[in-house]
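First comes the structure, then the notes that go with it.
Quick note on labels: first sequence line is chain A, next is B, and so on, each numbered from 1. Note that this is a predicted model, so its numbers are computed, not measured.
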Amino acid sequence: MPVLDRGLPIDDRWTDLADDQDIPAEGAVIVSLERWRTERDALTSRRDAVGVRLKSNQLATEIADDLGSLSLVALEFPKFRDGRAFSAARELRERFDYKGEIRAFGHIIPDQYLFLTRVGVDTVVVPADRVGPAWAHALKEISVAFQPALGSEEGTSLLRRHLKGTVPA
Amino acid sequence: MPDTHSPAIRSNQPADAHAAVYRYDEFDKTFIFERVEQFRAQVERRLKGEITEEEFKPIRLMNGLYLQLHAYMLRVAVPYGMLSSTQVRRLARIARVYDKGYGHFTTRQNIQFNWPKLEDVPTILRELAEVDMHAIQTSGNCIRNVTTDQFCGAAADELVDPRVYAEILRQWSTMHPEFTYLPRKFKIAITGSPNDRAAVQVHDIGLIAKKDEVTGRVGFTVYVGGGQGRTPYLAVKARDFVPVEEIIGYLEAILRVYNQLGRRDNIYKARIKITVNEMGADKFIGLIEEEYARLPRQKFYVDPAIVDAIQTHFAPPPWVDLPAISDSFEAAKAADPAFARWTRTNLTEHKTPGYAIATISLKPIGGIPGDAEADQLETVADLADLYSFGEVRVTHEQNLVLAHVRKDDLYPLWKALDAAGLGTANAGLISDIIACPGLDYCALANTRAIPVAQRIAERFADLDRQHDLGELKVKISGCINACGHHHVGHIGILGVDKKGEEFFQILLGGDAGTNAALGEIVGPGFDYDGIIDAVETVVNTFVKLRQPGEIFIQTLARTGHAPFKEALYARA
Ligand code: HEM
Ligand code: SF4
């Protein structure tokens, strides 16, 4: 499925492996949390990068200790209304200081895209028939943010300007 | 032009120059117009079939657009209930041009329009944006419009003006990237007075602002996990004092815990009240504290400079020095008994000598609670300009308030209100009823609610009788979702469906005030005709039992429910 970065499809180097698929000798792979736990040694002994998929009920704490070995964490949206992954992404970045790629997949609508980037998500997987200008546009529709979050934000409101890091020692 | 004391009118400023509403700066304006255009594009995509109704639903809900029984309904936010007269006139215009000539004020201090057309909604939102208004987050599973005390900034008993903090919370929660797809809707209420007029304990988060007497520091007691609906709970106290500078960080912690652990398998169990009660309050509060301890707190620190900057929007209006007693007011009361009666129920003490807070009843006998016609809205706007610095407030009891009226002006004010059908002397009395839309508008309803309210008001139409009964709050919901707050009515009425017929249960002893309490069902329900008699039986029983000076809930607390039960069911 196409992967979007900043609204545009990119060449994706990752292979998303189902649990019953063999691990290929080469190439970056994304596996489920369960598989990561049981086949960790096999996965880390390869030369190529490993990523882990979390279901929406699997919190960031589940992989906190493993983040050093993971180049990507993929967060699932089983339904776009299930917003747990927004917190998972934010925890990965803010609490666990994760610097690798965060990817969102599943049922996601363009109207969530800006929020996703603001909680630390880098890339979004979308079905081929849903790729279109709406995604890039969604990042530009609103230029103002009222609260501190993650990512580079241009416009700011009074509240954000003041909330931003002016803490007395 | 009628005589006016408005300093703004006299000095050729806009008449509402001193109204305490938050006025948008360039960022706010940029945001609000971008948001309107975003929604216009979303509506177009929906009309072209590019997104499904299921996908459009959360988007329209995030913009206050509901689908009701007969049509779309647009719920417009009135931030913490404050309006300028310019805004009130715009609402009147919207009612006239895009609706059927009226609007409906809700228990969350908002206004709803019941008949807008989908194609018109982006244009309505633009008209609102022009006067610093919007419909954002008035529905959907996000942080909703923050509500507060309708008398803030004017009440004699207030310790801290909650509006500046309500505005900070409004901004913080607007399009919050992490908390816009919560398990369920999320409501925050805030009060700054020890006499809670905002029902904070039946909200997802309730904040009581207070000032440390010694240090002068302002902060909040934080309650969490209250709510009405089908499983009502009073909120539990999470922390006794969170200083203002830390409040955003603390709320982030609460919401993050809820967003991750709140139930998403069953919408009736998805509110934070269920999470708190299934997990146990201690455990939940422990999780909040852990989350808060590790948050990057600097990031959420509320700089005193921002409090000061926002405070300027809520500067007190230019009151003048007046004698505490107004001779003309006293004379008018003595001469006109109908006015005197209105002053007994519809006035509240103001903190400044010579001024009073006036409640405008939207509950005329036999009317629809909370409805206001476009003409009436314009009358209120004009009167606000003349007599109350161009400012109007919406109360959670679905009335309006002019908060700063000179006592000298009260008589002409009341006469003008009365002429417009807005002068009913019933604030807080048995006919000042909260009723949900019920079967008249709502797809989930089991029963009617508005007609029940109308018939109770008609049964007790005699204002002298109402005044004799004293404070008595009747609240009616057309199903267990409790939009009509029946759990916290002194007399609550709950509509239920019994084999296809409407039945009404009576609850007694609820209270939305400082001594918040949930009412208890007294016994089997009554049919549509029987419920009015039953209410009258309860009231007559109270009259028989009351001691001098007692109001209904005081008598009930003293006697217990037994005598009322007996009166209701003895003959059966
Ligand atoms: C067609 C119209 C409406 C529908 C379908 C509707 C639906 C609902 C539902 C399903 C709930 C329960 C939510 C829960 O606790 O999980 C609820 C609660 C509530 N609604 Fe409504 N509602 C409608 C109109 C209104 C109106 C007009 C008002 C205000 C005047 C209102 C105010 C409330 C309030 C205060 C609650 C109490 C529950 C709480 O927040 O704890 N609703 N509504
Ligand atoms: S209480 Fe029930 S009937 Fe009344 S508005 Fe709410 S959902 Fe509808």
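Within 6.0 Å of CZ on A:Arg6 lie no more than 12 heavy atoms contributed by other residues, nucleotides or ligands. For A:Glu26, the CD atom counts as loosely surrounded, since its 6.0 Å shell holds 12 or fewer non-hydrogen atoms of other residues, nucleotides or ligands. The environment of NZ in B:Lys57 is sparse: at most 12 heavy-atom neighbours from other residues, nucleotides or ligands sit within 6.0 Å.
With values rounded to the nearest 0.5 angstrom, A:Asp111 atom CG is found 9.0 Å from B:Glu55 atom CD. In this structure, the separation between CZ on A:Phe77 and OH on B:Tyr181 is 9.5 Å, given to the nearest 0.5 Å. The CD atom of B:Glu34 sits 12.0 Å away from atom NZ of A:Lys140, with the distance rounded to the nearest 0.5 Å. Atom-to-atom distance recorded for B:Gln260:CD and A:Gln58:CD is 13.0 Å, nearest 0.5 angstrom. Interatomic distance, B:Leu295 CG to A:Glu91 CD, rounded to the nearest 0.5 Å: 8.0 Å.
Closest heavy-atom contact between B:Phe27 and A:Val144: O-CG2, 3.6 Å. Scanning all heavy atoms of the two residues, the minimum distance from A:Pro110 to B:Arg45 falls at CG-NH1, 4.3 Å. The nearest pair of heavy atoms linking A:Ser87 to B:Glu178 is OG-OE2, 2.6 Å. In terms of heavy-atom proximity, B:Asn259 sits nearest to A:Arg84 at O-CG, 3.2 Å.
A:Phe86 places none of its side-chain heavy atoms less than 4.5 Å from the side chain of B:Pro177.
Heavy atoms of B:Phe33 lying under 4.5 Å from chain A are absent altogether. Within the 4.5 angstrom heavy-atom criterion, only side-chain atoms of A:Arg95, from C-beta onward, approach chain B. For chain B, the nearby part of A:Glu94 is the side chain; its heavy atoms alone come within less than 4.5 Å. Of the atoms belonging to A:Ile142, heavy atoms from both backbone and side chain fall under 4.5 Å from chain B. Only the side chain of B:Arg294 comes within less than 4.5 Å of a heavy atom in chain A; its backbone stays farther off. Contact of A:His107 with chain B is made through the side chain alone, with heavy-atom distances under 4.5 Å.
A distance-only check finds a donor-acceptor pair linking the side chain of A:Gln147 to the backbone of B:Thr174 [under 3.5 Å].
By the 4.0 Å N-to-carboxylate-O rule, A:Lys79 lies too far from B:Glu54 to be salt-bridged with it.
Within the 6.0 Å centre-distance limit, the rings of A:Phe146 and B:Phe31 are counted as a close aromatic pair.
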